[in-house]
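These notes concern the structure reproduced below.
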Amino acid sequence: IRLDPKLRFAAELAARRQRRTVSSFIEWALERATNEVLLEPESDPDKGIKQTSAYEFMEDSWDVDESVRFVRFASEWPALLNSGEEVLWKLIREHYGLGHRYQLYRDPMASPRKIKSALEHLSANWELFQQVAKGEKDKDALPAWRAKRGK
């Protein structure tokens with residue numbers, strides 16, 4: 001990461017004091033800072049979102065699959081999406097027939113099998129969804145998806 005030269009010098013001093021590398025010091029500092037930064041729930045308390053730190057949310061929602069991480073993030077914190085992510089999230093919701101922004105991940109009526117099916121389909125086509133959201137490909141390029149029936 002790029003740092004202001006003065007801040008980098010301060011980080012180097014602090015890292016030396018703790019007998020760490022600058023990279024290790026930055027990781028340590030980021031972990032502490034992300035534990036302190038609180039993600040505020042939207043105004044509607046009925047959505048089931050509680051105030052949590054960025055670090056707590058990461059621990060609860062981390063997945064090695066980027067598409068799964070994105071769905072978890074977007075469904076719980078849509079106000080934090082940038083404009084490109086908003087386009088991608090809208091595309092995902094529309095493609096999977098979702099009317100409400102929390103439905104894919106939060107809808108109590110959505111069966112676990114439906115959610116799993118949608119996430120598997122999205123994961124397999126993640127790059128394509130990103131290209132369509134960026135306008136590099138047409139929506140027609142997305143493969144059809146039907147929810148698996150059952151529980």
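Numbering of residues begins at 1 and proceeds along the displayed sequence.
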Run the side-chain contact (heavy atoms from CB on, under 4.5 Å) check on Leu81 and Phe70 step by step: do they pass? CA-CA 10 Å; Leu81 297 174; Phe70 178 77; 4.1 Å; yes
Tell me, with the steps shown, if Phe25 and Arg16 meet side-chain contact (heavy atoms from CB on, under 4.5 Å). CA-CA 9 Å; Phe25 177 79; Arg16 287 177 188 216; over 6 Å; no
Are Lys137 and Glu127 close enough, and set up right, to give a side-chain contact (heavy atoms from CB on, under 4.5 Å), and what steps lead you there? CA-CA 11 Å; Lys137 293 203 176 185; Glu127 188 173 315; over 6 Å; no
If you apply the rule side-chain contact (heavy atoms from CB on, under 4.5 Å), what do you find for Val71 with Leu119, and how did you get there? CA-CA 8 Å; Val71 167; Leu119 291 175; 4.0 Å; yes
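With sequence neighbours excluded, the residues that form a side-chain hydrogen bond (donor to acceptor under 3.5 Å, both in side chains) with Glu12 are Arg8.
No continuous path of hydrophobic side-chain contacts links Ile26 to Met58 [ILVMFWY only; heavy atoms under 4.5 Å]. Residues Leu13 and Val22 fall into different hydrophobic clusters, defined by Ile, Leu, Val, Met, Phe, Trp and Tyr side chains chained together at heavy-atom separations under 4.5 Å. Linking ILVMFWY residues whenever their side-chain heavy atoms come closer than 4.5 Å, directly or via other members, places Ile115 and Ile92 in the same cluster. Linking Ile, Leu, Val, Met, Phe, Trp and Tyr whenever their side-chain heavy atoms come within less than 4.5 Å puts Leu122 and Leu128 in one cluster.
Side-chain contact of Ser117 with Trp145: a donor-acceptor pair under 3.5 Å is present, judged by distance alone.
Nearest approach of Leu88 to Phe129, heavy atoms of both residues: CD1-O, 3.7 Å. Minimum heavy-atom separation, Ser123 to Ser67: CA-OG, 3.4 Å.
Counting heavy atoms from C-beta on, the side chains of Leu91 and Tyr96 never come closer than 4.5 Å. Counting heavy atoms from C-beta outward, Leu38 and Thr52 have side chains that stay 4.5 Å or more apart. You'll find the side chain of Val37 stays beyond 4.5 Å of the side chain of Ser53, heavy atoms only. The side-chain heavy atoms of Asp4 and Phe9, taken from C-beta on, include no pair separated by under 4.5 Å.
The backbone N or O of Phe57 lies less than 3.5 Å from a partner atom in the side chain of Ser61, making a donor-acceptor pair. Side-chain atoms of Tyr55 never come within 3.5 Å of backbone atoms of Leu30 as a donor-acceptor pair (strictly under, hydrogens ignored).
Using a 4.0 Å cut-off between a side-chain N of Lys or Arg and a carboxylate O of Asp or Glu, Arg72 and Glu76 do not qualify as a salt bridge.
Applying the salt bridge (charged side-chain N to carboxylate O under 4.0 Å, His left out) test to residues at least two apart or on different chains, the pairs with a partner in residues 77-92 are Lys90-Glu94. Counting only residues at least two apart or in different chains, side chain to side chain donor-acceptor pair (under 3.5 Å) contacts with residues 21-37 comprise Arg20-Ser24.
Using bins of under 30°, 30° to 60° and over 60° for the plane-to-plane angle, the ring pair His121/His95 lands in the parallel bin.
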